[in-house]
Amino acid sequence: MKNNSAISEFILTGLSLDHDVQIILFVLFLFIYLLTLTGNFIMLLVIRADSHLHTPMYFFLKQLSFLDLCHSSVTAPKMLENLLSERKTIFVEGCLAQAFFVFATGGTEACLLAVMAYDRYVAIKSPLLYSQVMSNQLCIGLVWCSWGLAFVDALINILLAVNLDFCEGQTIAHFSCELSSLFPLSCTDTSINFMLLLCSSVLHFFGTFVMIVSSYVRIVCTIINITSTSNRSKAFSTCSSHLTTVVFFYGSGFISYLLPTSGSPLEMVFSLQYSVITPMLNPLIYSLQNKEVKAAMGRMFRKYFHPFI
């Protein structure tokens with residue numbers, strides 16, 4: 001990745017310039033990052049180890065946990081380093097690479113959440129044909145398509161950004177590198193870059209959001225036609241964890257990208273929610289709201305730890 005900019009490094013101002021506040025934030029976000037790693041690793045282990053969870057729904061959940069590990073690891077380590085560092089710098093090439101992976105992993109998660117919404121629709125609409133419709137080959141194909149579409153989209157945007165010359169300044173009023181934060185620092189025309197990023201965001205993020213809404217409209221219509229109250233309640237409960245995840249991801253993500261890149265505290269809060277907090281919350285949401293996951297964790301605990309108690 002070559003770049004002919006007049007400057008070789010950017011300065012990430014981060015969350016605060018106060019040293020004492022930085023120490024507090026470092027401890028807080030280190031705890032959050034470790035919790036993210038632990039929670040998602042446990043989710044991966046439980047789904048892999050328990051045969052009761054070898055279904056399409058938990059196959060996608062396993063992919064989501066792996067994706068959350070990747071997404072949080074793109075931004076959190078550098079943010080933690082800068083909180084303790086005097087020189088809060090990042091090389092231009094490193095900044096572009098981070099922007100690429102932020103875009104790619106975020107885009108993959110958007111696609112995966114849309115796939116998971118469709119999976120819930122099939123499970124509720126055709127429970128007897130669920131395993132046939134959501135075959136192993138289809139599930140794997142949908143996951144590969146999610147990764148592929150997001151990485152191609154990110155690659156197109158980042159290849160165009162590599163040709164930009166950065167000479168208008170070094171300071172990025174953010175804790176991580178995102179494409180929208182880099183454009184104001186360029187001394188070359190960024191109108192094409194901005195339009196491409198806008199089109200990508202509309203087609204990719206809003207497109208998947210429309211797919212999710214469409215799936216849930218169909219789910220609601222299907223549930224309304226269920227006569228049994230207990231079956232209706234069970235159908236709603238299977239969607240609650242996914243719906244909560246969608247609200248956190250798209251709510252913070254949309255607001256973060258719709259706000260102007262001014263480095264304001266509000267913008268920072270939503271960016272943190274989108275890139276750091278949500279990956280930590282996802283395994284908690286699925287473990288606390290899902291009876292099957294809680295039961296699987298109980299079985300794994302009794303199997304591996306009961307002899308030591």
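Sequential numbering from 1 along the given sequence is applied to the chain's residues.
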If you measure only the distance, is there a donor-acceptor pair under 3.5 Å linking the side chains of [X] and [Y]?
| X | Y | value |
| --- | --- | --- |
| Tyr250 | Thr208 | yes |
| Thr188 | Asp165 | no |
| Asp50 | Tyr58 | no |

Min side-chain heavy-atom separation [X]-[Y] under 4.5 Å:
| X | Y | answer |
| --- | --- | --- |
| Glu292 | His52 | no |
| Ser146 | Leu67 | no |
| Leu61 | Ile47 | yes |
| Ile24 | Asp20 | no |
| Thr55 | Phe59 | no |
| Cys177 | Val102 | no |
| Met280 | Ser72 | no |
| Leu12 | Thr89 | no |

field: Partner of Ser200 under side chain to side chain contact (heavy atoms under 4.5 Å, CB included), chosen from Leu198, Leu196, Val202
entry: Leu196
- line: From the list Val152, Leu160, Leu159, Ile158, side chain to side chain contact (heavy atoms under 4.5 Å, CB included) partner of Ile156 resolves to Val152
Taking [Y] as the starting point, is it possible to reach [X] by hopping between hydrophobic residues whose side chains are less than 4.5 Å apart?
| X | Y | result |
| --- | --- | --- |
| Ile172 | Ile11 | no |
| Leu83 | Leu30 | yes |
| Leu284 | Leu69 | yes |
| Val162 | Val92 | yes |
| Leu96 | Phe151 | yes |

Separation between [atom1] of [X] and [atom2] of [Y], rounded to the nearest 0.5 Å:
| X | Y | atom1 | atom2 | answer |
| --- | --- | --- | --- | --- |
| Thr222 | Tyr121 | OG1 | OH | 5.0 Å |
| Leu28 | Leu80 | CG | CG | 10.0 Å |
| Ser180 | Phe194 | OG | CZ | 9.0 Å |
| Leu197 | Asn193 | CG | CG | 8.5 Å |
| Phe66 | Thr108 | CZ | OG1 | 10.5 Å |
| Phe248 | Thr278 | CZ | OG1 | 7.0 Å |

Looking only at atom types and distance, does a side-chain atom of [X] sit under 3.5 Å from a main-chain N or O of [Y], one as donor and one as acceptor?
| X | Y | value |
| --- | --- | --- |
| Asn40 | Thr36 | yes |
| Gln170 | Glu9 | yes |
| Gln98 | Val74 | yes |
| Ser186 | Leu182 | no |
| Ser126 | Val122 | no |
| Thr75 | Ser176 | no |
| Arg120 | Cys239 | no |

Closest heavy-atom contact between [X] and [Y]?
| X | Y | result |
| --- | --- | --- |
| Ala296 | Leu53 | CB-CD1, 3.6 Å |
| Phe249 | Gly106 | CZ-O, 3.4 Å |
| Tyr286 | Met43 | CB-CE, 4.0 Å |
| Leu179 | Phe103 | CD1-CD1, 4.3 Å |
| Pro279 | Ser275 | CG-O, 3.6 Å |
| Ala76 | Tyr33 | CB-CD1, 3.6 Å |

field: Stepwise side chain to side chain donor-acceptor pair (under 3.5 Å) test for Thr13 and His174
entry: CA-CA 6 Å; Thr13 57; His174 212 282; over 6 Å; no
query: Is any side-chain N of the basic residue among Lys88 and Glu81 closer than 4.0 Å to the acidic one's carboxylate O?
result: no
- request: Determine, step by step, whether Asp119 and Val115 satisfy the side-chain contact (heavy atoms from CB on, under 4.5 Å) criterion, reporting the C-alpha distance in whole Å, the side-chain angles of both residues, the deciding distance to 0.1 Å, and the verdict.
  value: CA-CA 6 Å; Asp119 170 73; Val115 169; 5.5 Å; no
- request: Run the numbers on Ile42 and Leu45 for side-chain contact (heavy atoms from CB on, under 4.5 Å), then give the verdict.
  value: CA-CA 5 Å; Ile42 290 176; Leu45 181 62; 5.6 Å; no
field: Ring centers of Tyr274, His71 separated by less than 6.0 Å
entry: yes
- request: Apply side-chain contact (heavy atoms from CB on, under 4.5 Å) to the pair Leu272 and Leu15, showing each step before the final yes or no.
  value: CA-CA 10 Å; Leu272 283 170; Leu15 302 170; 3.8 Å; yes
task: Answer yes or no: are there more than 12 heavy-atom neighbours, outside His54 itself, under 6.0 Å from its atom NE2?
output: yes
message: Does Arg48 have more than 12 heavy atoms from other residues, nucleotides or ligands lying within 6.0 Å of its CZ?
response: no
- request: Go through the structure and list residues passing ring-ring contact (aromatic ring centres under 6.0 Å, His included) with Tyr216, not counting sequence neighbours.
  value: His242
query: Can Arg218 and Val213 be said to form a side-chain contact (heavy atoms from CB on, under 4.5 Å), step by step?
result: CA-CA 9 Å; Arg218 296 181 181 185; Val213 172; over 6 Å; no
Please list, one pair per line, the donor and acceptor atoms closer than 3.5 Å that link side chains of residues 133-142 to other protein atoms, with sequence neighbours excluded.
{"unit_1": "Ser135", "atom_1": "OG", "unit_2": "Leu138", "atom_2": "N", "d": "3.3"}

